[in-house]
Structure formats: C-alpha cells, structure tokens
Amino acid sequence: MSVPEDEKRLLPLAQKWPRASKFLLSGCAATVAELATFPLDLTKTRLQMQGEAALARLGDSARESAPYRGMVRTALGIIQEEGFLKLWQGVTPAIYRHVVYSGGRMVTYEHLREVVFGKSEDKHYPLWKSVIGGMMAGVIGQFLANPTDLIKVQMQMEGKRKLEGKPLRFRGVHHAFAKILAEGGIRGLWAGWVPNIQRAALVNMGDLTTYDTVKHYLVLNTSLEDNIMTHGLSRGLLYKSSTDCLIQAVQGEGFMSLYKGFLPSWLRMTPWSLVFWLTYEKIREMSGVSPF
C-alpha cells in the first residue's frame with residue numbers, strides 16, 4: 001500500500017531514502033574506524049616503501065640501510081623525526097576511499113540479501129548466499145572506490161619520493177585527482193582495478209559473511225540480544241601489472257618481502273572491523289534504521 005504524500009513528508013530521512021541513508025551511515029562508521037586505526041596503516045606502508053626506496057638508492061646494500069626496523073621502531077621513528085600527528089599523514093584520501101568503498105559494499109550487500117536472494121521471514125539466510133553476496137559487494141564497492149584508492153596509494157608514494165630525496169608531485173588530494181585525470185583520462189582513474197576487486201572480493205567474503213552469519217546465528221540460537229555485546233562477538237606506477245609487481249618485489253627484496261608489513265596490517269584489520277561494526281550498528285540504531 002502506497003504512503004500518502006503528506007505522510008511521506010513526515011517520515012524520517014532514513015525511511016524516505018533508505019539506501020542513501022545506509023550509504024552515509026556506513027561512510028560515517030568507516031571514517032571513525034579509519035581515524036582510530038590509521039597509524040597502523042601508515043606504519044605498514046612505511047615498512048613496505050622503505051625497502052623499495054633503499055633499493056632505488058643503494059642497490060644490493062639496501063638491506064642493511066633501511067631507516068626503520070619493525071613495527072614499533074617504525075612508529076617511534078615517525079613520531080621522533082616528524083611529530084606525533086604525522087601518524088595521520090594522508091588520512092584524508094584514506095577517508096574518501098573508505099566512505100565510497102564501505103558505502104558501496106554495505107548497500108550492495110544488504111540489497112542482495114534482502115531483495116535479490118531474499119532472506120526468509122524467520123531470518124534464515126544460507127551461508128552460500130552470504131558468501132556470494134559478500135564477494136559481489138566487495139567487487140562493486142571496490143570498483144566504485146578505485147579512483148579514491150588510486151589517489152590514496154599515489155599520495156602514500158609521495159612518502160617514498162621524500163625518502164629518496166625527490167621532489168613531491170602533488171600538492172594535495174584534489175591536485176592528485178586532477179593530475180591523474182589530466183594524464184590518464186577517466187580510464188586512468190581505474191588503473192589496477194582488476195587485482196583490487198579480486199582482493200576486495202576475498203576480504204568481504206571474510207568480513208561481511210562472517211559478521212552477518214555469526215551475528216544472526218547468535219541472535220537466533222542463543223539468549224543474546226541484538227546489542228553491542230553481540231556486535232563485538234560477531235567480529236571479532238612503478239609496475240606494469242600486479243604480476244610485474246610480484247616479480248620485482250621477490251627479485252629485489254626476496255620472497256619474505258611479500259609479507260613485509262603483515263603484522264601491522266593484521267593488527268589493524270581486527271580493530272578496524274570491530275570499530276566499524278560497533279559504530280555502524282550504533283548509528284543505525286540512533287538514526288532509526290533497522291539493525292544490520
């Protein structure tokens with residue numbers, strides 16, 4: 001039954017534009033999570049970049065000349081040499097990226113779950129549907145966010161140029177966007193999108209599928225309610241291609257260089273997801289949107 005126009009005007013914004021509201025709410029939650037965990041991302045990036053920068057300057061002797069050793073010493077080195085706030089250097093493009101990426105994946109997943117695959121009235125949702133939905137949501141979210149992801153990476157690469165003593169190419173996020181667009185056109189903003197969506201599909205198969213499946217299992221099969229405790233328990237251009245990047249990394253720094261920055265990356269993933277899901281569920285509740 002359609003809602004009369006007079007009543008529509010009185011509806012909360014979340015009910016008038018549910019998908020737009022969920023996009024914005026997930027973007028807000030992603031912003032909080034990004035601000036809370038960005039120093040770990042910066043540390044990971046510095047660990048990964050310093051090897052490439054040293055190789056470019058010093059060749060085979062680079063292994064003995066890296067400025068930082070390990071996650072903690074890298075973070076302390078940034079604070080001592082550049083200042084505490086530099087741990088959040090480059091957070092702006094990262095926030096832009098996560099607003100688009102998280103908004104896209106969350107709206108897509110819920111649409112697939114509720115409309116395409118059709119969750120049953122008793123809230124039962126087969127695992128295989130959740131897996132497919134999570135992967136498709138990751139692909140769509142990452143494809144939409146690829147321009148912002150590219151800009152984020154390019155801005156992070158400025159740190160490498162600084163380590164090599166080279167002049168910086170960009171004055172800021174918007175200048176980077178304009179320069180990439182001018183040099184590569186619209187297609188240039190989607191450079192590297194294939195390996196990006198492959199990774200996003202696997203990440204979201206783990207993230208969205210795990211959270212959705214575990215949360216609703218707990219709600220339906222235990223005495224736990226849909227609250228913060230349940231939400232917490234549920235979560236708990238150097239290269240020609242991705243293949244060329246892999247080959248050069250192994251040849252230049254050895255096989256284990258592929259796992260450089262793994263510890264801060266892994267340590268960041270858990271708190272990022274925890275902060276995101278707790279924040280997202282809470283602001284949905286405060287905005288009058290049904291729980292995820």
Side-chain angles (χ1 to χ4, degrees), residues 20-49 68 71-72 74-107 137-138 141-142 144-159 162 170-177 196 199-200 203-204 206-208 211 228 231-232 234-236 261-287 289 292:
S21 298
K22 290 173 182 177
F23 185 96
L24 292 173
L25 292 176
S26 61
C28 291
T31 299
V32 173
E34 194 66 21
L35 288 171
T37 63
F38 189 79
L40 286 170
D41 190 42
L42 180 68
T43 302
K44 175 201 71 175
T45 303
R46 287 292 182 90
L47 280 169
Q48 292 170 333
M49 288 194 309
Y68 306 129
M71 182 184 69
V72 175
T74 298
L76 290 175
I78 293 170
I79 294 172
Q80 292 172 352
E81 297 168 17
E82 305 173 49
F84 179 73
L85 293 180
K86 289 296 183 180
L87 290 173
W88 281 269
Q89 186 176 32
V91 72
T92 301
I95 289 175
Y96 288 167
R97 185 257 179 184
H98 269 288
V99 167
V100 178
Y101 171 67
S102 294
R105 73 185 181 117
M106 299 305 294
V107 171
Q142 180 56 51
L144 293 174
N146 202 79
T148 56
D149 208 19
L150 178 64
I151 292 168
K152 172 193 170 185
V153 172
Q154 290 295 312
M155 293 297 293
Q156 288 177 327
M157 291 299 293
E158 292 296 89
K162 186 175 181 180
F170 308 122
R171 296 191 297 271
V173 176
H174 300 101
H175 180 236
F177 178 85
N196 280 345
R199 176 183 180 275
V203 168
N204 283 276
D207 186 25
L208 286 170
Y211 181 82
I228 192 168
H231 303 159
S234 301
R235 184 57 247 176
F262 169 79
L263 180 59
S265 180
W266 180 80
L267 288 175
R268 179 180 185 248
M269 188 176 295
T270 299
W272 196 100
S273 293
L274 183 62
V275 173
F276 173 81
W277 285 111
L278 293 179
T279 305
Y280 186 48
E281 293 277 21
K282 192 62 179 178
I283 61 177
R284 282 176 71 116
E285 177 187 334
M286 294 169 61
S287 303
V289 179
F292 180 80

Any chance you could measure [X], atom [atom1], to [Y], atom [atom2], to the nearest 0.5 Å?
X	Y	atom1	atom2	value
Y101	N196	OH	CG	10.0 Å
I78	T43	CD1	OG1	5.0 Å
H231	Y211	NE2	OH	4.5 Å
E285	L25	CD	CG	12.0 Å
N204	M106	CG	CE	9.0 Å
K152	N146	NZ	CG	12.0 Å

(request) Taking atom CD1 of I79 as the centre, report whether more than 12 heavy atoms of other residues, nucleotides or ligands fall under 6.0 Å from it. (result) yes
(request) Can you tell me which residue pairs pass the salt bridge (Lys or Arg N to Asp or Glu O under 4.0 Å) test with a partner in residues 84-96, sequence neighbours excluded? (result) none
(request) Give every residue pair that meets the salt bridge (Lys or Arg N to Asp or Glu O under 4.0 Å) criterion with at least one member in residues 96-107, sequence neighbours excluded. (result)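 Listed by first then second residue: R97-D149, R105-D207.
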(message) Within the 4.5 Å heavy-atom criterion, are D41 and V91 side-chain neighbours or not?
(response)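 No, every pair of side-chain atoms sits at 4.5 Å or beyond.
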(message) List the residues meeting ring-ring contact (aromatic ring centres under 6.0 Å, His included) with F276, not counting sequence neighbours, and say none if there are none.
(response) W272, Y280
(message) In terms of relative ring orientation, are H175 and F170 parallel, tilted or perpendicular, with 30° and 60° separating the classes?
(response) perpendicular
(message) Using the rule given for side chain to side chain contact (heavy atoms under 4.5 Å, CB included), can you reason through Y96 versus I151, listing the C-alpha separation, both sets of side-chain angles and the distance that settles it, and then say yes or no?
(response) CA-CA 10 Å; Y96 288 167; I151 292 168; over 6 Å; no
